[in-house]
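A short worksheet on the structure shown next.
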Amino acid sequence: QLQLVESGGGLVQAGGSLRLSCAASGRAFSTYAMGWFRQAPGKEREFVAAINWSGDSTYAADSVKGRFTISRDNAKNTVYLRMNSLKPEDTAVYYCAAVSAIGVVAAAHEYDYWGQGTQVTVSS
């Protein structure tokens with residue numbers, strides 16, 4: 001079992017930055033691939049970024065590529081999402097997720113564990 005708790009969301013002006021954190025409790029965090037997803041009101045959950053178990057391979061959605069960076073610190077059982085140049089369309093609830101896998105995983109349905117989400121609101 002793995003429990004995930006996101007933090008770091010909030011209200012920010014367009015062009016600003018935030019760093020989300022996802023703290024994991026449970027065994028063998030370093031054996032899990034991690035991902036960030038988001039869901040805006042009235043929209044389906046969408047993939048944002050993912051990272052493999054060791055942190056040396058990442059993948060990001062085109063909509064955030066070059067602005068968002070995913071990273072992890074296995075010693076701290078934490079995965080991060082650094083978000084720069086935020087836009088109003090980035091407003092959503094952001095979720096982290098975990099799956100026992102070696103590579104990078106982008107499909108939401110493959111993830112086994114999910115956090116409760118953290119709200120990010122970008123004002124124009």
Side-chain angles (χ1 to χ4, degrees):
Q1 288 286 346
L2 201 66
Q3 292 184 329
L4 305 174
V5 179
E6 302 95 335
S7 61
L11 174 64
V12 63
Q13 289 188 333
S17 297
L18 283 174
R19 189 181 77 161
L20 305 183
S21 299
C22 174
S25 60
R27 299 177 63 182
F29 171 75
S30 62
T31 66
Y32 288 86
M34 302 295 295
W36 285 98
F37 295 79
R38 67 187 181 185
Q39 187 166 20
K43 295 187 177 182
E44 293 187 354
R45 188 171 299 189
E46 65 171 349
F47 168 76
V48 175
I51 190 166
N52 72 333
W53 68 276
S54 64
D56 62 1
S57 182
T58 63
Y59 177 66
D62 288 343
S63 58
V64 305
K65 203 168 290 184
R67 299 188 299 123
F68 291 10
T69 302
I70 187 171
S71 62
R72 68 189 295 162
D73 185 339
N74 286 342
K76 295 183 178 180
N77 282 11
T78 302
V79 63
Y80 305 98
L81 184 68
R82 178 67 180 181
M83 305 185 295
N84 295 328
S85 302
L86 282 161
K87 305 175 181 180
E89 51 263 44
D90 295 319
T91 295
V93 177
Y94 283 72
Y95 300 89
C96 72
V99 59
S100 182
I102 296 175
V104 174
V105 180
H109 70 269
E110 296 192 26
Y111 281 84
D112 298 314
Y113 303 101
W114 292 83
Q116 83 290 347
T118 186
Q119 176 71 47
V120 172
T121 303
V122 184
S123 63
S124 56

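The chain is numbered in sequence order, starting from 1.
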For the residue pair T78 and S21, what are the closest heavy atoms and their distance?
CG2-CB, 4.2 Å
Atom pair CE/CH2 of M34 and W53 - distance to nearest 0.5 Å
15.0 Å
Applying the side-chain contact (heavy atoms from CB on, under 4.5 Å) test to V105, which of Y111, Y32, Y59 qualifies?
Y111
Does one hydrophobic cluster hold both F37 and Y80, with members joined at side-chain heavy-atom distances below 4.5 Å?
no
With L20 as partner, the option from F68, Y95, Y94 fulfilling side-chain contact (heavy atoms from CB on, under 4.5 Å) is Y94
Tell me whether L2 is reachable from V79 by hopping between hydrophobic residues (I, L, V, M, F, W, Y) whose side-chain heavy atoms are closer than 4.5 Å.
yes
Are the side chain of D90 and the backbone N or O of A14 linked by a donor-acceptor pair below 3.5 Å?
no
Please determine whether residues W36 and Y113 belong to a single hydrophobic cluster, defined as Ile, Leu, Val, Met, Phe, Trp and Tyr linked transitively by side-chain heavy-atom distances below 4.5 Å.
yes
Looking at every non-hydrogen atom in both residues, tell me the closest pair between A33 and G103 and how far apart they are.
CB-O, 3.3 Å
Any W114 side-chain heavy atom under 4.5 Å of L4 side chain
no
Crowded around I102 CD1? As in, over 12 foreign heavy atoms under 6.0 Å?
no
R72 side chain to N52 backbone, donor-acceptor under 3.5 Å
yes
Inspect the surroundings of CD in E89 and state if more than 12 heavy atoms from other residues, nucleotides or ligands are less than 6.0 Å away.
yes
Nearest heavy-atom pair of L81 and V48: which atoms, and what distance?
CD2-CG1, 4.1 Å
Determine whether Q119 and T91 satisfy the following criterion, side chain to side chain contact (heavy atoms under 4.5 Å, CB included), listing intermediate values before the conclusion.
CA-CA 8 Å; Q119 176 71 47; T91 295; 4.0 Å; yes
Checking the side chain of N74 only, and the main-chain atoms of N77 only, is there a donor and an acceptor separated by less than 3.5 Å?
no
Between N84 and S17, what is the shortest heavy-atom contact and its length?
OD1-OG, 2.9 Å
Is I51 reachable from L18 through a run of I, L, V, M, F, W or Y residues, each pair having side-chain heavy atoms under 4.5 Å apart?
yes
Nearest-0.5 Å distance that lies between atom CD in Q1 and atom CG in D112
9.5 Å
To the nearest 0.5 Å, atom CD of E46 lies from atom CD of Q39 at 9.5 Å
With a cut-off of 6.0 Å (strictly less than), are more than 12 heavy atoms of other residues, nucleotides or ligands near NZ of K76?
no
Measure the spacing between CD of E110 and OG of S100 and express it to the nearest 0.5 Å.
12.0 Å
Hey, does the side chain of E6 reach the backbone of Q116 with a donor-acceptor pair shorter than 3.5 angstrom?
yes
Smallest heavy-atom separation, S85 atom then R67 atom, equals O-NH1, 2.9 Å
d(S124 OG, Q13 CD) to nearest 0.5 Å is 9.5 Å
Please tell me whether I70 and M83 are part of a single hydrophobic cluster in this structure, the criterion being side-chain heavy atoms less than 4.5 Å apart.
yes
